Amino acid sequence: MEAVAEGLWGLADEHEKKGELGKAVKCLEAICQSQVSFFPIVEVKTRLRIATILLHHSHNVNHARSHLERSQLLLKSIPSCFELKCRAYSLLSQCYHLVGAIPPQKQVLHKGLDLTASAGNEISMKLWSCNFNSQLANALSIEGDYRGSLYALECGYVCATEICYPELQMFFATSILHVHLMQWDEDSLVEQAVNKCNDIWDSIGVDKRRQCPGLLFYNELLHIFYRLRLCDYKNAAPHVDNLDAAMKADMQQMQKMQELIMELDALDQSLSRSDLHYRERAALSEKQAMIQKQLRNINGVSPVGQETLEPVYFGNVTKKPGDKLQLGPPPIDGEWLPRSAVYALVDLIVVIFGRPKGLFKECGKRIQSGMRLIQDELVKLGITDGVKEVDLQHSSIWMAGVYLMILIQFLENKVAIELTRAEFVEAQEALIQMKNWFMRFPTILQACECIIEMLRGQYAHSVGCYNEAAFHFIEALKLTESKSMQAMCQVYAGVSYFCIGDAESSTQARDLIGPVYGVMDSFVGVREKTGVLFAYGLLLMKQQDLQEARNRLARGLQLTHTYLGNLQLVSQYLTILGSLALRLHDTVQAREILRSSLTLAKKLYDVPTQIWVLSVLTALYKELGERGNEMENAEFQAKRLEDLNKRLGDAQASIYHIELIEKARFEVHQLHESDMKRAMAGPTTMGVNLDIPESIGLSAPLPPSSSSRLVDIDSSRRGKRRI
């Protein structure tokens, strides 16, 4: 009977190679359904194989789970077979993960850990212990138990250290850093986690690093998130360059692999001919073996049907051999995110770093590239026009949440860029796209509602609708638990109230900005502080405390220039400081500051700020009696104002304008309770926010002849991206 099983296994391999997965499963199920009894171990191996195929190539999680549960029953009667028992536990844990069933997943993993603890100190058992601890850490972090998650990861790290496996140590070190970034308790603990990653990565030889492409991307991305959180753009820049270079190299390697696969397919076709001459067949077979070896050397590809099980593999999209950004060695050979998601994240990071510098052309290319990648992957997950979150397969929800969140952040950056350039119609269209995605996936994108309201506020403020802007900022404030986001919402709303200009609005502005100023030193990094200092400087100017306002604004400018490198915000600070210098009759400094500000505003294609600077320069020339400069400046200002007014007119004529500024949140169709639970089983529990700073701004009060102005301040969402 073993010969029969071997034959059916081989036939299943052949069908799987050809992509005939249904036939492969039928071959294997023939063993399980046979009237003749096979040895229990044969049936167990077969059921594990069926479950693996189903998990890798279909959405049939329940079918896979039934095979695994049957395997467990059979394994209870076998005293040894620790390896098969561990595989069954690991795959069953993956099933529970895919449907968001955390309690039974934890129960299975604890059983797996008990088994490895009782099986001795063999290396294979240590590896499985690492496997179970990594999955347990993920499950605990989904529940918000970060302390438990860190403990599980530390246990895994100890096991990896005991067997002297640096790549595996690196896997756990990066995972520990990830949890610390999600739950930032103490600066020193996060810094220690960063240093541990650096030390371990440096200890791994260059050749071994090439076998861990996923760890390279994971480590670099986590370092960038850490530096962004600290607003340390200078030290983040080398990591961004490394990441971008690694992505381009990986893309070239993947292209080479695709070419080899096509060549191998052509060889297989030729070798299938029955009339092939012996010598020709031998030559083709030799070439086939050579290409197969080349494929194995690229990204650890192994023959179809012989892959190691993927116990921490996320998502359920069909995977071609070698298409996985493998994190660590087997049995923990899963991904943090799929290759396409990582590529999109790299594009997003480049946008985040390029946008404050005014590199809008490159940012536009990266936004298009990243969104195209994501939309292709969404189609593979079954997300086409008209599909809503309740239509999704359970096993697609987790991965759909990741892609949708990255997509929203691309659109968010696009809105910020278009508002900066006063391209209001384009900003409207991007905001409406965000709204439409949110309406279709309200539970998965629940965390995005705050961002959408903030951007509606930004849009309203940019087109001079200050009452509406303040409303949307206050609504955004109600929608977030992040102290950082709440602080920035208060600042933005305060500035909008300032721009309204009456006594009541000024009081409201003071009540919003004052409390935030009192706690600004409690935030990590300087992002919030630069926004608060800007708004507080406006408050002091309103109170006619000009010298103190100058001191606060100068401090904010210094922090912005030193840490953020945000040219738009620097330009805004310079403009208001130039205006303040003029009010203090320091005309020499006013002229120098305003010229610098105008240069930056032109570089950023920032029409509103240009008009603001020009209006202050006109007043300066008038005070100095420089009639020629005054006339020339006023003429240029009039042209820019005419251009801006045309853009504003186009925006107000758009069908989207009223919808975006309306003092109401978007009405979302509420799901039935059962549907809500189904949707929440995946993406919201995994933490949809990747903790990447969004691009939003605030506007300063301008002279009556000038239009409103967007000041660009990155405020970091303190989100929770799961392992």
Side-chain angles (χ1 to χ4, degrees), residues 408 411-439 442 445 448-480 485 488-502 504-506 508-509 512 535 606-609 611-612 641 643-668 694-702 704 706-713 715:
I408 289 296
L411 289 169
E412 179 188 330
N413 275 273
K414 182 170 175 57
V415 172
I417 288 171
E418 302 304 353
L419 288 179
T420 299
R421 302 190 306 168
E423 298 288 355
F424 303 122
V425 173
E426 284 76 6
Q428 287 177 348
E429 292 172 356
L431 250 174
I432 290 298
Q433 284 187 60
M434 293 179 74
K435 172 238 179 180
N436 291 340
W437 282 110
F438 173 65
M439 299 292 277
L445 295 178
C448 295
E449 189 176 8
C450 171
I451 306 305
I452 291 171
E453 284 301 308
M454 291 185 80
L455 290 175
R456 289 178 75 186
Q458 292 300 317
Y459 169 76
H461 199 129
S462 296
V463 297
C465 301
Y466 303 125
N467 269 303
E468 291 84 351
F471 170 84
H472 289 296
F473 289 135
I474 296 299
E475 288 301 302
L477 173 65
K478 299 173 185 175
L479 288 167
T480 181
M485 289 286 279
M488 296 312 297
C489 288
Q490 287 180 240
V491 169
Y492 298 151
V495 174
S496 292
Y497 281 126
F498 268 136
C499 292
I500 294 171
D502 58 41
E504 182 183 355
S505 298
S506 296
Q508 288 174 299
L512 285 165
D606 188 346
V607 177
T609 297
I611 293 169
W612 182 14
L641 194 55
D643 178 30
L644 182 61
N645 285 332
K646 182 182 182 305
R647 295 168 188 245
L648 288 169
D650 291 341
Q652 290 161 1
S654 165
I655 59 173
Y656 301 129
H657 175 70
I658 298 300
E659 181 181 2
L660 289 173
I661 67 169
E662 183 185 6
K663 285 186 175 182
R665 281 159 55 184
F666 294 130
E667 287 189 20
V668 178
E694 72 280 2
S695 312
I696 50 182
L698 46 84
S699 305
L702 307 180
S706 300
S707 126
S708 64
R709 178 60 236 118
L710 176 78
V711 174
D712 180 32
I713 295 181
S715 104

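Everything numeric in this text was worked out from a predicted model, so none of it was measured. Atoms considered below: every heavy atom in the structure, side chains included; atoms not considered: hydrogens, waters and symmetry mates.
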Is there a side-chain contact between [X] and [Y] (heavy atoms, below 4.5 Å)?
| X | Y | answer |
| --- | --- | --- |
| Gln508 | Ile500 | no |
| Asn467 | Lys663 | yes |
| Phe424 | Leu644 | yes |
| Val607 | Arg647 | yes |
| Tyr459 | Val415 | no |
| Gln433 | Lys414 | no |

Which atom names give the shortest non-hydrogen contact between [X] and [Y], and what distance separates them?
| X | Y | answer |
| --- | --- | --- |
| Met454 | Ala476 | CG-CB, 3.3 Å |
| Val463 | Gln652 | O-NE2, 4.3 Å |
| Leu512 | Gly494 | CD1-N, 3.8 Å |
| Gly457 | Ala469 | O-CB, 3.4 Å |
| Ala664 | Phe471 | N-CE2, 3.3 Å |
| Leu479 | Glu453 | CD1-CG, 3.8 Å |

From [X] [atom1] over to [Y] [atom2], what is the distance, rounded to the nearest 0.5 angstrom?
| X | Y | atom1 | atom2 | value |
| --- | --- | --- | --- | --- |
| Cys465 | Ile658 | SG | CD1 | 8.0 Å |
| Trp437 | Ile452 | CH2 | CD1 | 12.5 Å |
| Glu468 | Ser496 | CD | OG | 10.0 Å |
| Cys450 | Arg665 | SG | CZ | 10.0 Å |
| Leu419 | Glu426 | CG | CD | 10.5 Å |
| Gln458 | Phe473 | CD | CZ | 4.0 Å |

Next item on the list: List in chain and number order the residues that pass side-chain contact (heavy atoms from CB on, under 4.5 Å) with Glu429, two or more places apart in sequence or in another chain; answer none if no residue qualifies.
Entry: Val425, Tyr656
Next item on the list: Could you walk me through whether Ile408 and Leu445 pass the side chain to side chain contact (heavy atoms under 4.5 Å, CB included) test, one step at a time?
Entry: CA-CA 9 Å; Ile408 289 296; Leu445 295 178; 4.1 Å; yes
Donor-acceptor pair, [X] side chain versus [Y] backbone, under 3.5 Å?
| X | Y | answer |
| --- | --- | --- |
| Thr420 | Ala416 | yes |
| Arg456 | Leu431 | no |
| Gln428 | Ala651 | yes |

Notebook entry, point to check: Is there a salt bridge (Lys or Arg N to Asp or Glu O under 4.0 Å) between Lys435 and Glu659 once you walk through the steps?
Noted result: CA-CA 11 Å; Lys435 172 238 179 180; Glu659 181 181 2; 2.6 Å; yes
Checklist line | Tyr497: ring-ring contact (aromatic ring centres under 6.0 Å, His included) partners, not counting sequence neighbours | finding: none
Checklist line | salt bridge (charged side-chain N to carboxylate O under 4.0 Å, His left out) against Asp650, all qualifying residues, sequence neighbours excluded | finding: Lys646
Next item on the list: Could you point out which residue of Leu660, Leu411, Ile655 forms a side chain to side chain contact (heavy atoms under 4.5 Å, CB included) with Ile432?
Entry: Leu660
